[in-house]
Amino acid sequence: MTLPLEPSPPDIPLETSHSPRIAIIGAGAGGSSAAFWIAQAKERHGLDVSIDIYERNDYIGGRSTTVHPYNNTAYEPVELGASIFVDINKNLRRATNEFNLSLHGFEDEEGDMGIWDGEQFLYTRKRVTEPIGSWLDNLKVLWRYGYHSPKIMQKLVQSMTDKYVKIYESDASTWTSIEDLSDVLGLTDMISQTGAEYFQSHGVSQKFANELIEAATRVNYAQNVDGLHALVAGCSLAASGGSSVKGGNWQIFEHFVKRSGARVFLRTEVVGIQRRSGHTWTIVTQEERRDYDAVILAAPYHSTHISLPDDLSPLILPQPYIHLHVTLLSTTAVTPNPEYFGYKPGSKVPTTVLTTFEGVRNEGEAPEFNSLSYLGQTRFTGDETEDSLKTGEWIVKIFSMEPISDEWLANVFQSQVGWVLRKEWDSYPVLPPTTTFPPVKLDDGLFYVNAFEPFISTMETETLASRNVVDWLLRDKFNSSICSDETGYIEKASDFIYGWDC
Ligand SMILES: Cc1cc2nc3c(=O)[nH]c(=O)nc-3n(C[C@H](O)[C@H](O)[C@H](O)COP(=O)(O)OP(=O)(O)OC[C@H]3O[C@@H](n4cnc5c(N)ncnc54)[C@H](O)[C@@H]3O)c2cc1C
């Protein structure tokens, strides 16, 4: 199926095509932005190339998608996958401005936050949705963790973000391997240690790492601080200015695609990528075969079930992903059941519950979920007096490693549950310390965007990974790039972003 605006594709072999053709597999953050970056080069340098995007879903956005409560579009949609991006995510910020999309911040939301270890709350505080980094002035933090650990963490995260933002400068614009990029940015010591090892070796207490930092790693990556590498642990803490696009983050990716002028084949699964002579490629779907000058694979390879030539598939080592259960529900319960958390009936209970594995380390019970968050009351897109619409309900999102049963929901929300939706995702890679990554270029004219994910897995970083791939591909194949020397840089501007401002 194609997007409505695009004509149906004829089956064109390469030889009879008028312009060179690039295929992109996947229309998530990575694939949609790849199309956008190619289009930037077309616009700037008059590059003559056409783009086809293959997507097996019937929508653009991949792991970024929304649902409507009760499957009724009168309710404002809720993010089912990737929800938040932050100030330093410059491509997404810039895209929302360029595409006139409105942002929904979280600073103004109310409620208490608690860190639950499976048996008790270790820490609670008001105003939950501010980033963990900004809690450090809070007396309760100082009381429980002392002054030094929060301060050291803050400095380490600042130093990490200072290094990371160099990726938006033209100097760091292309890399031939994730290992090289990591060295250039000075982040290799972070990827080669666990979050616990890194933060503790810099003077952060074990208690602070295992409770507060781990609460952030578990909600963001469903992994414990002593399991995942320190770079993603740091990213979980660098949450300043968290926001999402009103109506859904997927709109950014849809705009990328529209701006690119690419043809989009929705509900079209690629089953094979075959080598042709002259370093060109054939894309094989269930129905058709088409030939291309270059191919960009923008999906986690092992989840694509694509067959690659025998010499190429071993290059991408198996990469396990976290199998995450997302449960969305609506409830009239103002807070979760106090008794579930061992409180007396009627007690005040946090409406954002983050978790730590610390209970298990001390031979206690594991939390039954990774995070439970009240996202605010249901909002309506139009007239909320419509009879069938339910007012006064809260939307709650639960992340867990196991399915959440109806009985569990009835207990925790005191039989006041309305709508429930369950979704299982292969959400993000399992992220142990490492210093080796999949190749970005698999062969001449064949590139792999998601090689970046074991380094950092976010919507933003997928747009950076695709920028790199597109630059490399254009140089190799067309003696061009997104920005060329003739483009004229305005890099001195403090808000310069490579790829946009050249
Ligand atoms: C529950 C959840 C919460 C998250 N929270 C955040 C967050 O708050 N902030 C954040 O930045 N990130 C978050 N992430 C991570 C973020 O979603 C990903 O890092 C990012 O969206 C990956 O984009 P991508 O384009 O690389 O991959 P995807 O979004 O997975 O896109 C790949 C696309 O390829 C398609 N595809 C696969 N195989 C084929 C095939 N054979 N043929 C055709 N098409 C194919 C898929 O259908 C898919 O649409 C979250 C993820 C999940 C699941």
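We count ligands from 1, going down the list as the structure has it; atoms in each ligand are counted the same way.
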Handout entry: Atoms in ligand 1 flagged as close to Ile306, the criterion being non-hydrogen separation under 4.0 Å
Key = 41 (N)
Problem - Parallel, tilted or perpendicular: ring planes of Trp175 versus Phe452, cut at 30 and 60 degrees - result: tilted
Practice task
Would you mind finding which of Thr285, Val270, Ile456 brings a heavy atom closest to atom 40 (C) of ligand 1?
Solution key: Val270
Exercise for the section: Verify the neighbour count for atom NE2 of His279: are there more than 12 heavy atoms of other residues, nucleotides or ligands below 6.0 Å? Expected result: no
Fill in the blank from the handout: A student checking ligand 1 against Gly30 at a 4.0 Å heavy-atom cut-off should list atoms 24 (P), 25 (O)
Fill in the blank from the handout: of all protein heavy atoms, closest to atom 32 (C) of ligand 1 is Ala298 O, 3.4 Å
Exercise for the section: Take every heavy atom of Asp426, measure it against each atom of ligand 1, and state whether any distance is under 4.0 Å. Expected result: no
Exercise for the section: Over 60° means perpendicular and under 30° means parallel, so classify the ring planes of Phe256 and Phe36, tilted if in between. Expected result: tilted
Exercise for the section: Would you mind listing which atoms of ligand 1 come within a distance below 4.0 Å of any non-hydrogen atom of Thr268? Expected result: 42 (N), 43 (C)
Exercise for the section: Just say parallel, tilted or perpendicular for the rings of Trp500 and Trp37, cut-offs at 30° and 60°. Expected result: perpendicular
Handout entry: atom 34 (O) of ligand 1 - nearest protein heavy atom and its distance
Key = Gly26 CA, 3.2 Å
Problem - Heavy-atom gap Tyr54 to ligand 1 smaller than 4.0 Å - result: yes
Problem - Structural part of Phe85 in contact with ligand 1, heavy atom criterion under 4.0 angstrom - result: neither
Completion exercise
If we number the atoms of ligand 1 from 1 as shown, the ones under 4.0 Å from a heavy atom of Ser457 are 19 (O)
Problem - Straight-line distance of Ile283 CD1 to Tyr54 OH, nearest 0.5 Å - result: 6.0 Å
Exercise for the section: Name the orientation class of the two ring planes belonging to Tyr301 and Tyr448 (parallel below 30°, tilted from 30 to 60°, perpendicular beyond 60°). Expected result: perpendicular
Problem - Location of contacts on Thr461 toward ligand 1, heavy atoms closer than 4.0 Å - result: neither
Practice task
Indicate whether the side chain of Arg93 and that of Ser243 have a donor and an acceptor atom separated by less than 3.5 Å.
Solution key: yes
Handout entry: Residue selection (non-hydrogen contact nearest atom 14 (N) of ligand 1) among Gly242, Ser64, Ala82, Pro300
Key = Ala82
Exercise for the section: Can you label the angle between the Trp408 ring and the Phe413 ring as parallel, tilted or perpendicular, going by 30° and 60°? Expected result: perpendicular
Exercise for the section: Fit a plane to each ring of Tyr428 and Tyr221, take the angle between them on a 0 to 90° scale, and name the class: parallel (under 30°), tilted (30 to 60°) or perpendicular (over 60°). Expected result: perpendicular
Practice task
Could you tell me how the ring of Tyr168 sits relative to the ring of Tyr164: parallel (under 30°), tilted (30 to 60°) or perpendicular (over 60°)?
Solution key: perpendicular
Practice task
Please indicate whether any nitrogen or oxygen in Glu55 is less than 3.5 Å from any nitrogen or oxygen in ligand 1.
Solution key: yes
Practice task
Considering only non-hydrogen protein atoms, determine which one is nearest to atom 8 (O) of ligand 1 and report residue, atom name and distance to 0.1 Å.
Solution key: Ile84 N, 2.9 Å
Problem - Asn370 vs Ser400, side-chain hydrogen bond (donor to acceptor under 3.5 Å, both in side chains): CA-CA, chis, key distance, verdict - result: CA-CA 5 Å; Asn370 297 354; Ser400 58; over 6 Å; no
Practice task
Give yes or no for whether the N/O distance cutoff of 3.5 Å, strictly under, is met between Ala29 and ligand 1.
Solution key: yes
Exercise for the section: Heavy-atom distances under 4.0 Å are what count here, so tell me which part of Ser32 touches ligand 1: side chain, backbone, both or neither. Expected result: neither
Fill in the blank from the handout: Any heavy atom of Trp425 under 4.0 Å from ligand 1? The part involved is side chain
Practice task
Could you tell me whether Glu462 approaches ligand 1 through its side chain, its backbone, both or neither, with non-hydrogen atoms closer than 4.0 Å?
Solution key: side chain
Problem - Region of Val271 engaging ligand 1 - heavy atom pairs below 4.0 Å - result: neither
Problem - Side-chain heavy-atom pair Glu214, Phe357 within 4.5 angstrom cut-off - result: yes
Completion exercise
CD1 of Ile51 to NZ of Lys42, rounded to nearest 0.5 Å, is 5.0 Å
Handout entry: Atoms of ligand 1, numbered as shown, that sit under 4.0 Å from any heavy atom of Tyr428
Key = 4 (C), 50 (C), 51 (C)
Exercise for the section: Say whether Ser303, considering both its backbone and side-chain N or O atoms, lies within less than 3.5 Å of an N or O atom on ligand 1. Expected result: no
Exercise for the section: Look at atom 11 (O) of ligand 1 and say which protein heavy atom is nearest, naming residue and atom and giving the distance to 0.1 Å. Expected result: Met459 N, 2.9 Å
Exercise for the section: Tell me which protein heavy atom sits closest to atom 18 (C) of ligand 1, plus the residue, atom name and distance to 0.1 Å. Expected result: Arg63 NH1, 3.8 Å
